[in-house]
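A quick write-up on the structure given underneath.
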Amino acid sequence: MTPRLDAFSVIASDLAASLAFYRRLGLDIPAGAESAPHVEAVGPGGLRVLWDTEDVIRSFDPQWRRPEGGERLGLAFRCANAAEVDSVYAELVGAGYRGHLAPWDAVWGQRYAVVLDPDGCGVSLFADAA
């Protein structure tokens, strides 16, 4: 058997805030999920995004500590076009989320921006620049 990527996991300090952020990015998160300690959403193509509270992680890994100094893994959302990168970024920042890198035309040929989720993790927004 060859392992296959099935899911990404987000450890949230404030689950309700994290779910609200990712709902704004179009993930279909079940209603009422804010009261659960573990939440799953299935994205296009079947890739799952999982959320756990910090307490859930500590329940099976008592030595777990919140990372410091930046994340090592980030999520990236493809937008339909450059204008959508700009509008999604503006909508999220306008809703009170922290912008990290305002939209720009990257040298690798994409319109690119980064917004921070409620736990400070960078979430990239991108589309082909042309």
Side-chain angles (χ1 to χ4, degrees):
M1 175 181 169
T2 301
R4 67 179 177 83
L5 181 62
D6 181 70
F8 286 94
S9 181
V10 176
I11 301 169
S13 60
D14 181 337
L15 185 62
S18 186
L19 296 179
F21 175 84
Y22 287 100
R23 278 186 178 116
R24 286 181 176 272
L25 286 168
L27 292 181
D28 187 17
I29 300 166
E34 295 77 8
S35 62
H38 173 84
V39 178
E40 296 187 15
V42 179
L47 187 64
R48 297 179 304 143
V49 180
L50 317 173
W51 289 265
D52 289 295
T53 64
E54 291 179 350
D55 289 339
V56 165
I57 300 303
R58 284 190 198 99
S59 76
F60 62 83
D61 184 359
Q63 299 195 19
W64 180 86
R65 299 291 176 262
R66 184 180 299 156
E68 295 181 18
E71 70 275 357
R72 294 181 182 265
L73 181 69
L75 298 177
F77 287 77
R78 177 179 288 279
C79 296
N81 52 46
E84 187 176 40
V85 171
D86 295 356
S87 67
V88 170
Y89 180 89
E91 190 272 327
L92 290 169
V93 171
Y97 298 104
R98 291 180 292 156
H100 180 68
L101 296 173
W104 86 97
D105 292 325
V107 297
W108 55 85
Q110 293 177 329
R111 184 74 172 163
Y112 205 88
V114 179
V115 178
L116 301 180
D117 79 0
D119 288 296
C121 296
V123 175
S124 298
L125 308 170
F126 71 96
D128 293 336

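Because the structure is a prediction, the values reported are computed rather than measured.
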CA sep, side-chain torsions, deciding dist, call: Val123, Tyr97, side chain to side chain contact (heavy atoms under 4.5 Å, CB included): CA-CA 11 Å; Val123 175; Tyr97 298 104; over 6 Å; no
Flag if over 12 foreign heavy atoms under 6.0 Å of CG, Asp61: yes
Straight-line distance of His100 NE2 to Ser124 OG, nearest 0.5 Å: 9.0 Å
Residues in ring-ring contact (aromatic ring centres under 6.0 Å, His included) contact with Tyr22, at least two apart in sequence or another chain: Trp51
Fellow cluster residues of Val107, listed by chain then number, with links counted only when side-chain atoms sit under 4.5 Å apart: Leu101, Trp104, Trp108, Tyr112, Val114, Phe126
Heavy-atom closest contact (Ser18 atom, Ala12 atom, distance): CB-CB, 3.9 Å
Same apolar cluster: Leu25 and Val93, side chain cutoff 4.5 Å: yes
Shortest non-hydrogen contact between Val115 and Leu125, atoms and distance: CG2-CD1, 4.1 Å
Under the side chain to side chain donor-acceptor pair (under 3.5 Å) test, residues paired with Ser59 that sit two or more places apart: none
Residues that Arg66 engages under side chain to side chain donor-acceptor pair (under 3.5 Å), provided they are two or more places apart: Glu54
Stepwise side chain to side chain contact (heavy atoms under 4.5 Å, CB included) check, Ile29 with Val49: CA-CA 9 Å; Ile29 300 166; Val49 180; over 6 Å; no
Please output the side-chain donor-acceptor pairs of residues 74-90 that fall under 3.5 Å, not counting sequence neighbours, one pair per line with the distance.
| unit_1 | atom_1 | unit_2 | atom_2 | d |
| --- | --- | --- | --- | --- |
| Asn81 | OD1 | Ala83 | N | 3.2 |
| Asn81 | OD1 | Glu84 | N | 2.8 |
| Glu84 | OE1 | Ala80 | N | 2.4 |
| Asp86 | OD1 | Arg111 | NE | 2.8 |
| Asp86 | OD1 | Arg111 | NH2 | 3.1 |
| Asp86 | OD2 | Arg111 | NH2 | 3.3 |
| Ser87 | OG | Ala83 | O | 3.4 |
| Ser87 | OG | Glu84 | O | 3.2 |

Atom pair CG/CZ of Leu27 and Phe21 - distance to nearest 0.5 Å: 10.0 Å
Pairs touching residues 34-44 that satisfy salt bridge (charged side-chain N to carboxylate O under 4.0 Å, His left out), sequence neighbours left out: Arg23-Glu34, Glu40-Arg48
Minimum heavy-atom distance Ala7-Leu47, with the two atoms named: N-CD1, 3.8 Å
Heavy-atom closest contact (Ala33 atom, Leu15 atom, distance): O-CD2, 4.0 Å
Side chain to side chain, Asp52 and Ser9, heavy atoms closer than 4.5 Å: yes
